[in-house]
Amino acid sequence: MSAESTPESGRRARRGRRMPRDKRHSGLKAMAWTATAVLVLGGTGAGYVYVKLNGNLTSIDIDRLLGADRPEKAGNGSENVLVLGSDTRSGGNRKLGGGADNGGARSDTAMIVHVHEGHKKASVVSVPRDTVVDRPACTDTEGGAHPAANGVMFNSAYATGGAACAVKTVESMTDLRMDHYLEIDFTGFQKLVDELGGVEITTTEDIADPDSRLELTAGTHRLDGAQALGLVRTRHGVGDGSDLGRIRLQQAFVRALVRQVGDIDLLTDPRKLYDITETATRALTTDSGLGSVNSLMAFAGGLRDIDPADLHMVTMPVRYDPADPNRVLPETEKARLVWDALRNDEPVPRAATVDTATGGPGSVVSAS
């Protein structure tokens with residue numbers, strides 16, 4: 001079976017009419033909330049809002065930490081962004097479900113987002129956290145040096161050396177330059193979903209996972225923040241219990257979230273817009289290149305012409321590890337097809353994801 005997630009072909013048919021172009025695009029402008037809030041609030045308070053939102057952002061100088069020994073930039077206008085969801089148990093995250101309460105952190109979710117030349121299409125490649133990889137030597141933000149390690153879990157790179165180590169590991173795996181880095185934590189994700197009024201999804205079967213504190217009967221649900229977090233983190237309630245089944249849920253949720261944002265006219269509600277922006281800027285950690293309201297605005301502006309139908313989502317080709325059923329190994333040749341396609345700014349070929357491990361039956365969740 002294919003690990004590929006395809007757009008919902010029946011979306012427009014169910015609605016009975018074509019959505020206005022600007023509303024369909026607004027879902028892909030979520031990154032622009034920060035800048036838009038400043039403009040909408042306007043007046044003499046705009047300067048204060050700008051400074052406050054800028055102060056919320058946390059950024060890391062990954063270029064300095066990684067130095068010059070990196071893959072070259074594409075040079076054709078395309079960009080690669082590593083997006084991580086952090087499962088740290090520190091601070092407000094400590095009260096949320098799943099995992100050991102030890103204050104540590106791992107990359108619970110990892111996606112490589114490739115924005116194609118012209119910024120009219122994007123390819124998203126999910127990287128299973130349980131993939132066995134060789135991690136290169138890396139330096140963390142405190143200057144600590146970490147020696148290379150072979151045969152370790154992918155998400156241990158973040159746990160070992162933070163964002164810079166995660167980026168270096170991805171670049172070592174793919175030979176692709178990560179132009180930017182975005183990270184969101186549990187608490188911020190949950191609050192964002194709540195402030196959006198929840199996200200509607202449909203399940204084709206019951207989902208019950210005590211580890212992620214999620215229980216859903218088959219049918220249509222509007223998930224609040226806690227339920228949405230449980231959904232994107234559950235693994236034991238779907239498929240074969242591996243991370244691959246969870247990735248399918250995450251990809252389906254991303255599509256549902258994009259659709260939800262597209263249905264909300266935030267520009268007519270400045271207070272709501274500001275609340276969402278405030279939460280987003282507090283929840284995000286970025287590379288220094290995106291570490292300001294202006295840079296986020298410029299980056300988001302470059303995505304405004306991407307239609308949801310042009311968002312192509314796949315999972316990195318892997319196979320089950322015969323030595324450990326809880327781990328997966330990269331399908332080296334097929335993975336190379338994926339990385340070569342992104343390097344050449346081409347669509348990921350179907351051959352790259354056929355007959356790879358998928359986590360069991362087809363996806364049990366779709367956007368409603």
Side-chain angles (χ1 to χ4, degrees), residues 5 30-31 57-60 62 80-100 103-113 124-131 153-167 169-170 178 180-196 199 201 209 211-214 223-235 238 242-258 260-261 279-287 290 311 313-316 359 365:
S5 173
M31 290 293 297
L57 287 166
T58 299
S59 63
I60 299 171
I62 290 176
N80 297 309
V81 185
L82 177 60
V83 180
L84 295 185
S86 167
D87 69 348
T88 177
R89 296 309 188 278
S90 61
N93 293 328
R94 190 171 303 231
K95 299 177 182 179
L96 303 179
R106 293 189 177 184
S107 51
D108 197 63
T109 301
M111 296 181 177
I112 299 168
V113 180
V124 181
V125 184
S126 297
V127 181
R129 58 174 285 177
D130 297 334
T131 307
M153 284 175 58
F154 168 77
N155 70 342
S156 69
Y158 180 90
T160 298
C165 197
V167 170
T169 300
V170 168
M178 294 297 110
H180 291 298
Y181 173 83
L182 286 171
E183 175 189 330
I184 187 168
D185 67 17
F186 279 179
T187 303
F189 175 86
Q190 180 170 316
K191 286 182 179 178
L192 277 172
V193 173
D194 282 335
E195 287 173 359
L196 285 169
V199 175
I201 57 95
D209 185 356
D211 287 347
S212 63
R213 303 178 186 176
L214 179 69
L223 306 184
D224 62 20
Q227 291 172 314
L229 180 61
L231 180 73
V232 299
R233 298 195 61 245
T234 191
R235 60 188 298 171
V238 295
S242 73
D243 191 44
L244 300 174
R246 171 165 55 183
I247 284 175
R248 286 190 165 198
L249 295 182
Q250 291 169 351
Q251 292 174 343
F253 182 83
V254 165
R255 292 195 180 282
L257 179 62
V258 167
Q260 172 69 13
V261 174
T279 297
T281 52
R282 287 187 179 279
L284 284 175
T285 298
T286 74
D287 68 288
L290 294 179
L311 189 63
M313 304 186 77
V314 302
T315 301
M316 185 182 81
V365 172

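Note: hydrogens, waters and symmetry copies are ignored here, and every other heavy atom, side chains too, is used.
Between the side chains of S126 and Q251, at least one donor N or O sits under 3.5 Å from an acceptor N or O.
Taken to the nearest 0.5 Å, the OG1 atom of T234 stands 5.5 Å off from the CG atom of L214. Of the inter-residue distances, the one linking D185 atom CG with Q190 atom CD reads 10.5 Å to the nearest 0.5 angstrom. Atom CG in D243 sits 7.5 Å away from atom OG1 in T131 (nearest 0.5 Å). Between the CD1 atom of I201 and the CG atom of L249 there is a distance of 8.5 Å, given to the nearest 0.5 Å. Between the CG atom of L82 and the CE atom of M178 there is a distance of 6.5 Å, given to the nearest 0.5 Å. Taking OG of S86 as the start and OH of Y158 as the end, the distance is 3.5 Å to the nearest 0.5 Å.
Every residue meeting the side-chain contact (heavy atoms from CB on, under 4.5 Å) condition with A164, not counting sequence neighbours, appears here in chain and number order: L65, L66. For T279, the side-chain contact (heavy atoms from CB on, under 4.5 Å) partners two or more places apart in sequence, or in a different chain, are K191, L192, E195. The side chain to side chain donor-acceptor pair (under 3.5 Å) test applied to Q250 returns T109, not counting sequence neighbours.
Remark: the backbone N or O of R233 is paired with a side-chain donor or acceptor of R246 at under 3.5 angstrom. For the pair D194 (side chain) and D224 (backbone), a donor-acceptor distance under 3.5 Å is absent. Judged by distance alone, the side chain of T160 and the main-chain N or O of S156 form a donor-acceptor pair under 3.5 Å.
Closest approach of A157 and A166 over heavy atoms only: CB-CA, 4.2 Å. Minimum heavy-atom separation, S212 to G230: OG-O, 3.5 Å.
M313 pairs in a side-chain contact (heavy atoms from CB on, under 4.5 Å) with only one of the listed residues (V125, V113, V124, I247), which is V124.
A heavy-atom distance below 4.5 Å is not found between the side chains of D287 and S59. Within the 4.5 Å cutoff, side-chain heavy atoms of T285 are placed close to those of I60. In this structure the side chain of V193 never reaches within 4.5 angstrom of the side chain of L223, judged on heavy atoms. In this structure the side chain of F154 never reaches within 4.5 angstrom of the side chain of D130, judged on heavy atoms. Taking 4.5 Å as the limit, every side-chain heavy atom of M316 sits out of range of all side-chain heavy atoms of I112. Inter-residue side-chain proximity for Y181 and L84 is flagged as met; some heavy-atom pair is nearer than 4.5 Å.
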